Amino acid sequence: MRIVEARVIVTCPGRNFVTLKIVTSEGVYGVGDATLNGRELAVAAYLSEHVVPALIGRDPARIEDTWQYLYKGSYWRRGPVTMTAIAAVDTALWDIKGKVAGLPVYQLLGGRSREGVTVYGHANDVSDISRFMAQGYRAVRVQASIPGLPSVYGVGKPGETYEPASSAVPSEAVWDTSLYLDHIPRVFADVRAEFGPTLKLLHDVHHRLTPIEAARLGRSLEPYALTWLEDPVPAELQDGFRLIRQHTTTPLAVGEVFNTIWDCQELITSQLIDYIRATVVHAGGITHLRRIFDLAALHHVRSGSHGATDLSPICLAAALHVDITIPNFGLQEYMPHTPETDAVFPHGYHFEGGYLHPSETPGLGVDIDEDLAARYPYRPASLPVNRLTDGTLHSW
């Protein structure tokens, strides 16, 4: 069996998605997500011009060798574009391997370590939390509007689909850290009073604070026993997490923008975080993500993979096959896709009682309807930016 064709498909059923489809000489094919929000065409071009020609004629069963070929064979290693492209190839090859073996991919990864994958939803107010609990969710990420600020990234209207990438040119929002630090602890005090101690609560800071500000927030949230405080500071200066650790016991999560094990090695081995949020699509595929989680398991760090709707159902399907097998699983983010997206990417995974369950069909259990995808052409869309009240550009 050899790879005879590989093609890149770009579609926008509400959000832009990039998909790699690899076809073998036996007619078996696999799909991989190559979506990088705001850089979709960059990844599509890299795949089409540099990766696809190198795949033709290769043995699709040699997943590890292909991964090393694409990683070590590139002078410019790492980086989001390169690692997203490698992830697409890797995921598609695992899909093919599962189909050839007649098994769901998780069986090839060692089989189940749990019955279902615990997921968390995104709540924007108390009514949202009640809705998630009624559906059986055991964990909820709580974000909130900040009095005095007209809008806050990550906070949508209750019950509505949230789409932050709303225009080709980034929109601009205003940020005030003091208003935020004053308001958020009161939000969680109200939530705990309303819903009690057992619901897992999470909060995403979205890199907006300095280490000492994050330490203050973490300490102020300790009475409300968060499961994690996500992305408290920009992760470029990883010593910042060491300072936060010195001042609070609130668990920390980071990693959705990480691309390789080297981005999180120090954070994991020094136990500066509690959850690593790397994803299949941005961290080199199933092969490399498992390496990250294996390292994390040695240092009491659990998984908590990013799973927002900027990742296609192909990525979510692949993530579930990893989640169900690893010993150090923590949580999986889950934002349901729109009906249009689900139609373009038919899949076998399903939600029931607070858990997602991977497909039992051979491979990943997800596909792409290319005819339907063609009806949704690419639409330029950018994420917003933040400015402080005096106009200074700030982390968003």
Side-chain angles (χ1 to χ4, degrees), residues 118-123 138-144 153-154 177 180-181 183-185 187-189 191-192 197 199-279 282-283 289 292-308 323 326-333 394-396:
T118 304
V119 297
Y120 69 90
H122 288 200
R138 295 165 175 80
V140 178
R141 191 190 83 166
V142 180
Q143 305 298 115
Y153 179 83
T177 298
Y180 169 78
L181 291 175
H183 184 63
I184 289 300
V187 170
F188 280 92
V191 170
R192 274 293 180 226
L199 179 65
K200 295 180 184 296
L201 299 178
L202 304 82
H203 180 67
D204 186 359
V205 183
H206 221 272
H207 318 283
R208 299 184 184 108
L209 303 180
T210 65
I212 202 65
E213 289 168 345
R216 170 186 162 189
L217 177 63
R219 178 169 289 186
S220 69
L221 292 173
E222 286 177 13
Y224 316 116
L226 269 64
T227 294
W228 78 43
L229 187 67
E230 179 183 341
D231 291 342
V233 295
E236 290 95 325
L237 178 63
Q238 299 196 347
D239 260 358
F241 286 84
R242 196 179 308 277
L243 190 151
I244 300 171
R245 272 286 205 237
Q246 293 170 357
H247 294 281
T248 181
T249 59
T250 295
L252 303 176
V254 72
E256 69 181 68
V257 298
F258 290 173
N259 308 130
T260 72
I261 197 168
W262 307 111
D263 296 329
C264 52
Q265 179 192 21
E266 177 64 22
L267 292 173
I268 290 173
T269 58
S270 295
Q271 299 183 60
L272 300 179
I273 58 173
D274 302 278
Y275 294 87
I276 179 65
R277 290 188 26 79
T279 67
H282 297 146
L289 186 63
I292 293 173
F293 289 161
D294 283 344
L295 177 66
L298 298 177
H299 297 87
H300 308 290
V301 175
R302 286 175 281 184
S303 74
S305 289
H306 178 61
D323 291 337
I326 59 174
N328 57 325
F329 171 76
L331 288 171
Q332 170 66 54
E333 183 176 19
H394 189 68
S395 296
W396 54 276

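Computed from heavy atoms alone, side chains included, the values below leave out hydrogens, waters and symmetry copies. Note that the structure is predicted; figures quoted are calculated from it, not measured. Numbering starts at 1 and runs along the sequence shown.
- Two residues are said to be in side-chain contact when any heavy atoms from C-beta on lie closer than 4.5 Å; Ile292 and Ile261 meet this criterion.
- Between Arg302 and Phe329 the shortest heavy-atom distance is CD-O, 4.0 Å.
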Under 3.5 Å, which donor-acceptor pairs link side chains of residues 214-226 to any protein atom two or more places apart or in another chain?
from, atom 1, to, atom 2, distance (Å)
Arg219, NE, His247, O, 3.0
Arg219, NH2, His247, O, 3.0
Ser220, OG, Arg216, O, 3.4
Ser220, OG, Leu217, O, 2.7
Glu222, OE2, Thr248, OG1, 2.8
Glu222, OE2, Thr249, N, 2.9

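- Considering every non-hydrogen atom in both Pro185 and Tyr180, the closest pair reads CD-O, 4.4 Å.
- At a threshold of 4.5 Å between non-hydrogen side-chain atoms, the residues Val191 and Val140 do not count as touching.
- Interatomic distance, Leu295 CG to Ile276 CD1, rounded to the nearest 0.5 Å: 9.5 Å.
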Validation: residues 264-273 side-chain donor-acceptor distances under 3.5 Å, sequence neighbours left out:
from, atom 1, to, atom 2, distance (Å)
Glu266, OE2, Arg242, NH2, 3.1
Glu266, OE2, Ser270, OG, 2.5
Thr269, OG1, Gln265, O, 2.8
Ser270, OG, Glu266, O, 3.3

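- Judged by distance alone, the side chain of Gln332 and the main-chain N or O of Val119 form no donor-acceptor pair under 3.5 Å.
- Between Ile326 and Ser303, the shortest heavy-atom distance links the atoms CD1-OG, 3.6 Å.
- Between the side chain of Glu213 and the backbone N or O of Val233, no donor-acceptor pair lies under 3.5 Å.
- In this structure a side-chain-to-backbone donor-acceptor pair under 3.5 Å is present from Asn259 to His282.
- Among all heavy-atom pairs drawn from Ala253 and Pro232, the shortest one is O-CD, 4.1 Å.
- Residues Asp263 and Val257 are not in side-chain contact: their nearest non-hydrogen atoms beyond the backbone lie 4.5 Å or more apart.
- Residues that satisfy the ring-ring contact (aromatic ring centres under 6.0 Å, His included) test with Tyr275, not counting sequence neighbours, are Trp228.
- For the atom pair CD1 (Ile212) and CD (Gln246), the distance works out to 8.5 Å, reported to the nearest 0.5 Å.
- Nearest heavy atoms, Ser305 versus Phe293: OG-CZ, 3.5 Å.
- Rounded to the nearest 0.5 Å, atoms CD1 (Ile244) and CG (Asp239) are 11.0 Å apart.
- The backbone N or O of Trp396 sits less than 3.5 Å from a side-chain atom of His206, completing a donor-acceptor pair.
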Exercise. Show your reasoning for whether side chain to side chain contact (heavy atoms under 4.5 Å, CB included) applies to Leu181 and Leu209.
Key: CA-CA 10 Å; Leu181 291 175; Leu209 303 180; 4.1 Å; yes
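- The CG atom of Leu201 lies 12.0 Å from the CG atom of Leu229; values are rounded to the nearest 0.5 Å.
- Using a cut-off of 4.0 Å between Lys/Arg side-chain N and Asp/Glu carboxylate O, Glu333 and Arg277 are scored as salt-bridged.
- Judged by distance alone, with hydrogens and angles left aside, the side-chain atoms of Asp204 form no donor-acceptor pair with the main-chain N or O of Asp231 at under 3.5 Å.
- You'll find the side chain of Arg245 reaches within 4.5 Å of the side chain of Leu252, heavy atoms only.
- The two residues Thr227 and Pro251 come nearest to each other via the heavy atoms O-CB, 3.2 Å.
- Taking CD of Glu230 as the start and NE2 of His306 as the end, the distance is 8.5 Å to the nearest 0.5 Å.
- Under 3.5 Å, the side chains of Gln143 and His203 contain a donor-acceptor pair of N or O atoms.
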